[in-house]
There are 2 protein chains.
Amino acid sequence: MGVVTGDGTVGKALSVLDQVAGMGRPVRMRELLETSEFPKPTLYRLLQTLTNQGMLTYDTEAQTYAPGIRLVRLAHVAWSQASLAPIARPHVDALAANLREAVHVAQIDSGQVVFVDKRQASTKFSTLAQAGQVAPAYCTGVGKAILAFLPEEDLEQALLQQAFHRYTPATHTSADTLRAELETIRAEGIAFDREEHAAGIISIAAPILTPARRVVGSISIATATNRHSLEGLKAFRPALTECAHKIGAEAQSWQPPALP
Amino acid sequence: MGVVTGDGTVGKALSVLDQVAGMGRPVRMRELLETSEFPKPTLYRLLQTLTNQGMLTYDTEAQTYAPGIRLVRLAHVAWSQASLAPIARPHVDALAANLREAVHVAQIDSGQVVFVDKRQASTKFSTLAQAGQVAPAYCTGVGKAILAFLPEEDLEQALLQQAFHRYTPATHTSADTLRAELETIRAEGIAFDREEHAAGIISIAAPILTPARRVVGSISIATATNRHSLEGLKAFRPALTECAHKIGAEAQSWQPPALP
DNA sequence: TATTTTGTCTCACTATATGAAACGTCGTTT
DNA sequence: AAACGACGTTTCATATAGTGAGACAAAATA
C-alpha cells in the first residue's frame, strides 16, 4: 500500500511493528507474511531487527512474535507527556465526581481513537489495561467529535484510508453519510454515538479545542441505553462542554506531521 | 557508543526515540545534539522520520519533540501481551490482599527495571502512570533479583554498559561490589534493597523463574524504614517466594535477542 | 522414505542514509 | 542599522545498508 509520505526503512519497520501489535496476540512469521506488503526475507529481517531492538519479543518455543516491554517503558513517557491525560485529569476528576457514568478522554492516531483516560463509574483510576485501547473513529462519539473539527485535508486523508465495518445496524458504512453527520456535529459542537459501535451503548462527546481552535482530542460521557435515553444524555451537555473547554484552554498546541 | 549488535537504520532511529523519551520532557533538537552520537543533519532527519511516523510529536511553537500517542497505542498491546502483568495479576492480588505494603512486579529492559505492575497499599489498581516507570537495576531489589539470575554473558553485557550513580550512601558504585552481592542473592534466592535507591525505602524481592529456571522478572514488597526494619521484611519471604513461584510456573519462556 | 511447509541464508543489485559544507532565518549585540 | 551568532534546514556526491529471487535447512506431514 503506497503511503503518501513514503518514509524509508524506519517506516517499514514500524509498519511491521504496527501489524504485529494489531494482531492482538503473538503471531508467527507466516501469518504476517499473508497480510504483509513485504517479501519473505525482508519481513524476516525486519522482525529480527525489531526483536534485537526489544520492540518485539520472540518466543522461541512457539516461534511467535509479540510486542516487547521496551514499548511499555516508552509509552509511560509518552502518556505522561504527549497525551492529554495529565492535563485532563483534574477536570475529568471533577466531572466524574458528580456522575455515575463512564467518562472517556481520547486522542486520534491514524484514523483510530486512542483512549488516554477512561473512568468507569466504579473506578477512580485509569488503568493501563484501559488507557491505550483503541476504537474506530467513525462510529464512536469521541471519534466523530474529533473528525468533525479536523482541518479539511486531514479529514480527507483520514476518510480515504478508512474501511467501514458495520458493527451495528446504526453504524455508518460510507464516507458520505459520515461526512453529512460531521457537518451537523461541527455546527452544533457536540457529537452522539447512537449505538453505532456497540448495541446498547450510547454516548455524548465534545471536542477538546485549543484557544486557536485546533482539535487535540475529545471527551465523552458514555452510558447504557437501559440507564439513559439519548435525550437524557443531553442533560450532561453543559457540564461536558465546560469540561472540554477547560482542558482545551490548557492544552498545548500540537502539530501533526509537517508535510513539505 | 558502539552497540555490539550494531543494527542498522532502525536501531539508530530507536536510539533517538529512547533519547527523547529519556529526557522526560519535550526537548529541542539542540539539546539532543549535545548528547547524541549523530551529526546534525542525521539527527534532524531521524527526528523528522519519527515525527512523520507518529512516534514523536513536534510542537511547532516551542520547537520541541516529545514521545507521541502512537506509542501509547502500541504499549497497550505490549503490556497486555508481552509483559508479565496479566499473568501476575491474580497472584499479586492475592499477595497484596493480606498486606499493607507496596507490591511491585518488574521486568528488565536494557539495564533498567521496568515496572509492569505496582500496587500501593492504598490502591487496588495499577495505573499507567505507574506501570512503565523505570529505575536502575543495580540499586533496586527487583533489579538485583533479576540480575542475579541472568545468564553469565547477559549479566556481563548489562554490567558493561552500566553507569553507577550514587543515589544514597548505600548505593553500589562499582560492578565489583555489585557482583559480589549478586553472588549472595543467587545463593539465597532473595534480594534486598537496603535504602540503595532512596533513603528510607527498603524492599525484599524474589526472582520470577520459569520452570526451566530462566528469569523473566521479579516481584518485591517495598516499605519505608519507619514502618518496618529489614528484619521485619524478612517475615514476608515465604509469601513472596511462593507468589513468585506461582507466577513463574505460568510464565511463558521469553528469549532475549538471539545473537548469531 | 518422500513430500510439503516454514524458516533462514546468500549475493549481486539498488535504494537509502550519510555528513561536510552552504544557506536561510531569527534574535541579539555592537 | 549593520554585523554577528545560534539554530534549523537543504544540498549533493559518496558510502552504507536494505532488497528479494532463489537456494538451502529443518521440521512437520503424508
Side-chain angles (χ1 to χ4, degrees), chain A residues 1-20 23 25-53 55-66 253-260, chain B residues 1-20 23 25-53 55-66 253-260:
Chain A
M1 204 200 75
V3 184
V4 182
T5 324
D7 252 330
T9 318
V10 179
K12 295 177 193 173
L14 293 181
S15 89
V16 171
L17 185 59
D18 249 358
Q19 206 190 338
V20 175
M23 304 294 280
R25 63 186 166 80
V27 279
R28 302 192 57 172
M29 184 175 124
R30 193 71 237 291
E31 303 175 71
L32 294 170
L33 202 49
E34 282 160 22
T35 334
S36 176
E37 52 182 317
F38 304 109
K40 204 176 13 160
T42 303
L43 180 63
Y44 172 67
R45 254 169 299 128
L46 287 173
L47 287 170
Q48 206 170 252
T49 303
L50 288 168
T51 307
N52 281 340
Q53 297 299 334
M55 303 299 277
L56 293 178
T57 45
Y58 181 61
D59 183 332
T60 33
E61 210 163 308
Q63 295 191 95
T64 54
Y65 296 89
S253 67
W254 280 290
Q255 189 76 4
L259 312 180
Chain B
M1 204 200 76
V3 184
V4 182
T5 325
D7 252 329
T9 318
V10 179
K12 293 176 194 171
L14 293 181
S15 89
V16 171
L17 185 59
D18 250 359
Q19 206 191 338
V20 174
M23 304 294 280
R25 62 185 166 81
V27 280
R28 302 195 55 170
M29 185 175 122
R30 191 73 236 291
E31 303 175 71
L32 295 170
L33 202 50
E34 282 160 19
T35 334
S36 175
E37 52 182 316
F38 305 108
K40 204 176 10 159
T42 303
L43 179 64
Y44 173 68
R45 257 171 294 129
L46 287 174
L47 288 170
Q48 206 170 250
T49 303
L50 288 167
T51 306
N52 281 340
Q53 297 299 335
M55 304 298 278
L56 293 178
T57 46
Y58 181 62
D59 183 331
T60 34
E61 210 162 309
Q63 296 190 93
T64 54
Y65 296 89
S253 67
W254 280 289
Q255 189 74 6
L259 312 182

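Just so it is clear: chains get the letters A, B, ... in the order the sequence lines come, proteins before strands, and each one is counted from 1. Worth knowing before you read on, the calculation uses all heavy atoms, side chains too, and leaves out hydrogens, waters and symmetry mates.
- If you measure from atom CG of B:Asn52 to atom P of C:dA17, you get 12 Å, rounded to the nearest angstrom.
- Spacing between atom CZ of B:Phe38 and atom C1' of D:dT16 amounts to 14 Å, rounded to whole angstrom units.
- A straight line from CZ of A:Arg28 to C1' of D:dA26 spans 12 Å, rounded to a whole angstrom.
- Side chain B:Lys40 to base D:dG8: a donor-acceptor pair is found below 3.5 Å.
- Between A:Gln63 and A:Met29, the closest side-chain pair of non-hydrogen atoms is not below 4.5 Å.
- Judged by distance alone, with hydrogens and angles left aside, the side-chain atoms of A:Ser36 form no donor-acceptor pair with the main-chain N or O of A:Leu33 at under 3.5 Å.
- Between A:Pro41 and B:Pro41, the residue anchored nearer the 5' end of DNA chain D, judged by the nucleotide with its closest heavy atom, is B:Pro41.
- Here the C1' atom of nucleotide C:dG7 and the CG atom of A:Leu46 are 15 Å apart, to the nearest Å.
- Atom P of nucleotide D:dG20 and atom CG of A:Leu33 are separated by 12 Å, given to the nearest angstrom.
- Straight-line distance from the CG atom of B:Leu14 to the P atom of C:dA17: 14 Å, rounded to whole Å.
- Within 4.0 Å (heavy atoms only), B:Tyr44 reaches at least one base atom of the nucleic acid.
- Regarding B:Leu43, its CG atom lies at a distance of 11 Å from the P atom of C:dT18, rounded to whole Å.
- Looking at A:Tyr65 and A:Arg28, their side chains never come closer than 4.5 Å, going by heavy atoms from C-beta outward.
- Rounded to a whole Å, the CD atom of A:Glu37 is 17 Å from the P atom of D:dG18.
- Counting only heavy atoms from C-beta on, B:Pro39 has its side chain closest to C:dG19 among D:dG8, C:dG19, D:dA17.
- When distances run from any side-chain atom of A:Lys12 to the nucleotides D:dT9, D:dG18, C:dC9, the shortest one goes to D:dG18.
- For A:Arg45 and D:dG20, a side-chain-to-base donor-acceptor distance below 3.5 Å is present, hydrogens and geometry of angles not being considered.
- No option in A:Thr42, A:Val27, A:Leu17, A:Leu32 other than A:Leu32 meets the side-chain contact (heavy atoms from CB on, under 4.5 Å) test with A:Leu47.
- Minimum heavy-atom separation, A:Ala13 to A:Leu50: O-CD1, 3.4 Å.
- Distances shorter than 4.0 Å separate some side-chain N or O of A:Thr9 from OP1 or OP2 on C:dA17.
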